[in-house]
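Data block below; observations after.
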Amino acid sequence: MREVKLAKSSGFCFGVRRAVQMAEELAQSGKTACTLGPIIHNTHVVEKLARDGVPCINCVEDVLPGTTVLIRSHGVAADVYRELEARDLPYADATCPYVEKIHQIVSDCAKDGMQIVIIGTKKHPEVLGIAGYCENPLIFDDIDDLKENILHLAPPDGKPLCVVSQTTMERFFWEECIEFIKKEYTNCKIFDTICFATCKRQLEAREIARTADAMIVIGDKTSSNTKALVAICREECGTVYHIESAEELKAELPSGIVGITAGASTPDWIIKEVKNKMSEAIKNETLEKSFEELLAESFKTLNNGDKVVGIVTAITPTEIYLDLGTKHAGFLPLSEVTDDPSVKPEEMFKVGDEIEVSVVRVNDVEGVVTVSKRRLDAAKNWDDVEAARQDKAVVEGIVTEMNKGGIVVSVKGVRVFVPASQSGLPKDADLATMLKTKVKLRITEVNRMRRRVVGSIRSVQFEERRAAAEKVWNEIAVGNTYKGIVKSIMSYGVFVDIGGVDGMLHISEMSWKRIGHPSELFKVGDAIEVAIIALDTEKKKISLGYRKAEDNPWTKFIAQYNVGDVATVKIVKMMPFGAFAEVIDGVDGLIHISQITDRRIARPSDVLSEGQEVEAKITEINLDTKKISLSMRALIEPVAAAADEAAIDAADEVVASTDANETVVAEDVVSDETAE
């Protein structure tokens with residue numbers, strides 16, 4: 001009993017198919033035409049085209065005047081085009097678009113002064129064509145050739161490298177070469193130019209070969225991509241047959257699983273011949289039907305709007321590549337996956353995942369199908385949106401647009417309009433702040449005929465606030481601390497949302513310093529930590545405090561000063577009855593007008609000015625009223641008293657001195673009288 005596994009990507013790739021179709025159209029047109037070199041690497045196709053009137057010519061010099069020249073799918077060097085134009089020969093270009101892209105890369109980098117490095121078979125026509133778009137390229141067949149020669153061949157002047165590869169190179173060898181180059185050269189630009197169809201074909205062949213008892217590889221013996229398939233299959237499977245046509249197929253094949261793959265240059269009719277011969281050999285009707293289905297699947301085409309299931313084969317930061325089971329490569333841009341710019345594709349998918357997508361555009365020229373998951377999901381999600389409206393369920397979405405009337409939220413790919421009044425923002429607020437944010441909303445209206453959906457963010461916020469408020473009121477107590485958001489600012493304080501409940505933070509509870517307006521400390525939207533200092537559960541009123549006890553300047557003042565101490569103070573405010581002076585930051589004292597100086601003054605400003613620093617004595621501290629009395633006069637009077645005492649002492653000394661003199665004189669008189 002045998003089981004046949006046919007690789008989905010067997011046969012012509014889009015570049016080869018395009019080239020052959022162009023050749024067939026030339027044959028049918030009746031024009032004299034030829035191909036410049038074999039159109040593809042398949043002798044059967046080349047011989048068939050020659051029989052149809054489009055022979056193969058190996059050089060431009062051999063082309064007869066008036067003959068239309070068809071450029072092969074492998075491409076040619078730039079000077080070939082110039083030679084054709086110089087000889088005035090008409091030509092049609094069947095160069096594979098992937099190869100054309102490499103030509104452009106090499107040409108641009110060469111103009112920028114870069115050294116071109118090509119990884120590929122040196123004598124292969126595709127590689128020779130690529131080399132024809134620059135001067136002195138370095139070409140390496142494989143990693144061994146690269147390691148052996150690049151250090152000797154690389155330019156000594158340190159020119160940056162531009163590295164490209166042959167489109168049919170096996171990815172494993174390419175990555176091995178790139179890893180080596182990156183270690184040796186930091187100044188290099190690397191372009192992954194391996195054909196996506198080649199990667200997919202090689203991956204499929206390897207996967208089938210791992211489980212197969214025998215592998216049949218169909219393709220020309222000179223075809224590089226076919227030889228690569230043979231090498232890959234031999235790494236995974238012990239029995240591998242490389243055939244060019246059904247005639248070479250062995251009559252006896254091993255029992256078990258037989259895998260079949262075909263190179264990109266193998267036409268469908270050869271694959272069918274092999275299939276027919278296998279069917280006759282196996283003589284199993286069920287197997288024949290299965291093989292027919294596999295073959296039909298491999299040849300199926302896609303149209304815009306088709307729904308298909310693709311298998312993820314590669315992921316990049318901006319796109320996902322899919323195997324759609326056809327000749328085309330599936331291309332899923334990240335923009336067709338989600339509207340969320342923060343989403344990373346590697347977090348959503350992994351290689352091997354199946355994704356259902358909708359065909360957006362089929363490009364037969366480049367062999368690429370652009371698909372969309374977002375559009376298909378949007379169509380499916382209309383039912384979910386309608387169900388959400390009926391169930392009054394809360395849904396999530398990303399704000400993608402803003403207009404005069406409100407905002408647009410993408411909910412599972414469906415555009416939901418949210419009026420400005422239902423956005424949850426205050427009136428006249430800037431709706432642009434909501435762009436690219438994730439929001440919760442409730443669907444309020446769905447009109448499929450007009451494709452109109454309306455939602456409300458405000459209703460969800462209201463319910464969330466109500467639930468949060470209920471929780472807060474169940475747990476609230478004086479002394480509790482909360483992280484809140486400043487909602488509005490008044491002259492006397494600010495209202496703070498502490499989780500669904502608003503509390504009042506009075507201006508007197510904001511700072512230990514004197515402030516003129518709450519806006520000096522806060523602005524709407526600020527996140528602050530507050531404490532409950534008073535509570536009225538019946539009236540639902542909450543008083544909040546912001547300043548901290550450990551920052552109380554009075555505590556610092558008491559620890560530093562006592563009555564009778566002298567302090568250097570700063571005059572901060574003048575009043576008719578005196579002057580207020582700052583003792584320490586946040587603590588003021590009053591110097592009464594009578595305590596400013598020892599003489600009568602009309603107003604404090606006669607002696608003092610705001611900002612002036614003076615010495616004052618602390619004469620009284622009232623802890624209950626938190627008032628401090630200061631006196632400058634108290635420092636003046638002791639000085640005056642000391643001066644008076646000094647003057648009295650000096651006078652006493654003079655009197656004493658006078659008395660002494662008078663006593664001496666008296667004694668002299670007495671002496672004189674006695675003498676007489």
Side-chain angles (χ1 to χ4, degrees), residues 420-421 423-434 437 457-458 461-462 464-466 468-473 475-558 569-575 579-590 610-611 622-628:
S421 61
S423 67
L425 292 183
K427 188 178 180 181
D428 298 327
D430 187 5
L431 294 176
T433 58
M434 299 186 70
T437 61
I457 298 173
R458 181 182 175 184
Q461 292 179 346
F462 175 78
E464 289 179 342
R465 281 181 58 83
R466 185 169 61 184
E470 185 176 348
K471 181 180 179 182
V472 169
W473 283 111
E475 301 173 352
I476 199 167
V478 173
N480 286 1
T481 59
Y482 295 90
K483 290 184 178 179
I485 303 295
V486 176
K487 301 290 288 188
S488 60
I489 299 178
M490 306 297 177
S491 60
Y492 51 85
V494 299
F495 287 97
V496 182
D497 179 358
I498 59 173
V501 177
D502 288 349
M504 162 56 68
L505 174 60
H506 194 268
I507 190 171
S508 62
E509 293 296 333
M510 293 180 183
S511 174
W512 293 106
K513 297 181 181 180
R514 184 179 288 107
I515 59 173
H517 195 275
S519 60
E520 295 176 19
L521 295 179
F522 306 113
K523 63 180 181 295
V524 173
D526 280 352
I528 62 175
E529 186 172 312
V530 292
I532 308 297
I533 60 174
L535 186 63
D536 188 336
T537 55
E538 291 184 1
K539 295 182 179 180
K540 301 293 184 184
K541 290 185 177 180
I542 302 172
S543 295
L544 304 173
Y546 178 73
R547 61 186 187 181
K548 294 177 174 57
E550 58 267 26
D551 296 330
N552 189 340
W554 267 91
T555 304
K556 299 177 181 179
F557 170 76
I558 295 301
V569 300
K570 183 170 70 174
I571 307 301
V572 293
K573 191 173 184 180
M574 309 292 286
M575 302 296 290
F580 285 100
E582 182 183 70
V583 183
I584 66 171
D585 192 16
V587 177
D588 296 346
L590 174 64
E610 289 188 8
N622 190 327
L623 295 177
D624 295 332
T625 60
K626 290 186 172 52
K627 291 184 178 179
I628 302 171

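One is the number of the first residue; the rest follow in order along the sequence. Quantities reported herein were computed from a predicted structural model and do not represent experimental measurements.
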Partners of Y482 by ring-ring contact (aromatic ring centres under 6.0 Å, His included), sequence neighbours excluded? none
Tell me, please, which residues at least two apart from T437 pass side-chain contact (heavy atoms from CB on, under 4.5 Å). V399, M434, V439
If you compare all heavy atoms of P518 against all heavy atoms of Y492, which two are closest, and at what distance to 0.1 Å? CG-C, 4.4 Å
side-chain contact (heavy atoms from CB on, under 4.5 Å) involving T433 - partner list, sequence neighbours excluded: L425, D430
Of the non-hydrogen atoms in P553 and G586, which two are nearest, and what is the gap between them? CG-O, 3.7 Å
Looking only at heavy atoms, what is the nearest atom pair of L431 and A420, with distance? CD1-CB, 4.0 Å
CH2-CD1 distance between W554 and I628, expressed to the nearest 0.5 angstrom: 4.0 Å
Test of understanding: with side-chain hydrogen bond (donor to acceptor under 3.5 Å, both in side chains), list the residues that count as partners of D624, not counting sequence neighbours. none
Contacts under 3.5 angstrom, residues 493-506 side chains, donor-acceptor by atom type, not counting sequence neighbours:
residue	atom	partner	partner atom	Å
D497	OD1	G499	N	2.8
D497	OD1	G500	N	2.8
D497	OD2	R465	NH1	2.5
H506	ND1	S508	N	3.0
H506	ND1	S508	OG	2.9

Just to verify, what does W473 make a ring-ring contact (aromatic ring centres under 6.0 Å, His included) with, not counting sequence neighbours? none
Residue pairs passing the side chain to side chain donor-acceptor pair (under 3.5 Å) test with at least one member in residues 520-531, sequence neighbours excluded, are K523-D526
Roughly how far, to the nearest 0.5 Å, is CE of M490 from NE2 of H517? 9.5 Å
Check salt bridge (charged side-chain N to carboxylate O under 4.0 Å, His left out) between E509 and all other residues, then give those that pass, not counting sequence neighbours. R547
Could you tell me which residues satisfy side-chain contact (heavy atoms from CB on, under 4.5 Å) with E470, sequence neighbours excluded, listed by chain and number? N474
Please enumerate all residues that pass side-chain contact (heavy atoms from CB on, under 4.5 Å) together with I571, with sequence neighbours excluded. M574, A579, A581, I591, L608, Q612, V614
State which residues pass side-chain hydrogen bond (donor to acceptor under 3.5 Å, both in side chains) with T481; sequence neighbours excluded, sorted by chain then number. none
Got a list of side-chain donor-acceptor pairs under 3.5 Å for residues 532-539, not counting sequence neighbours?
residue	atom	partner	partner atom	Å
D536	OD1	E538	N	3.2
D536	OD1	K539	N	3.1

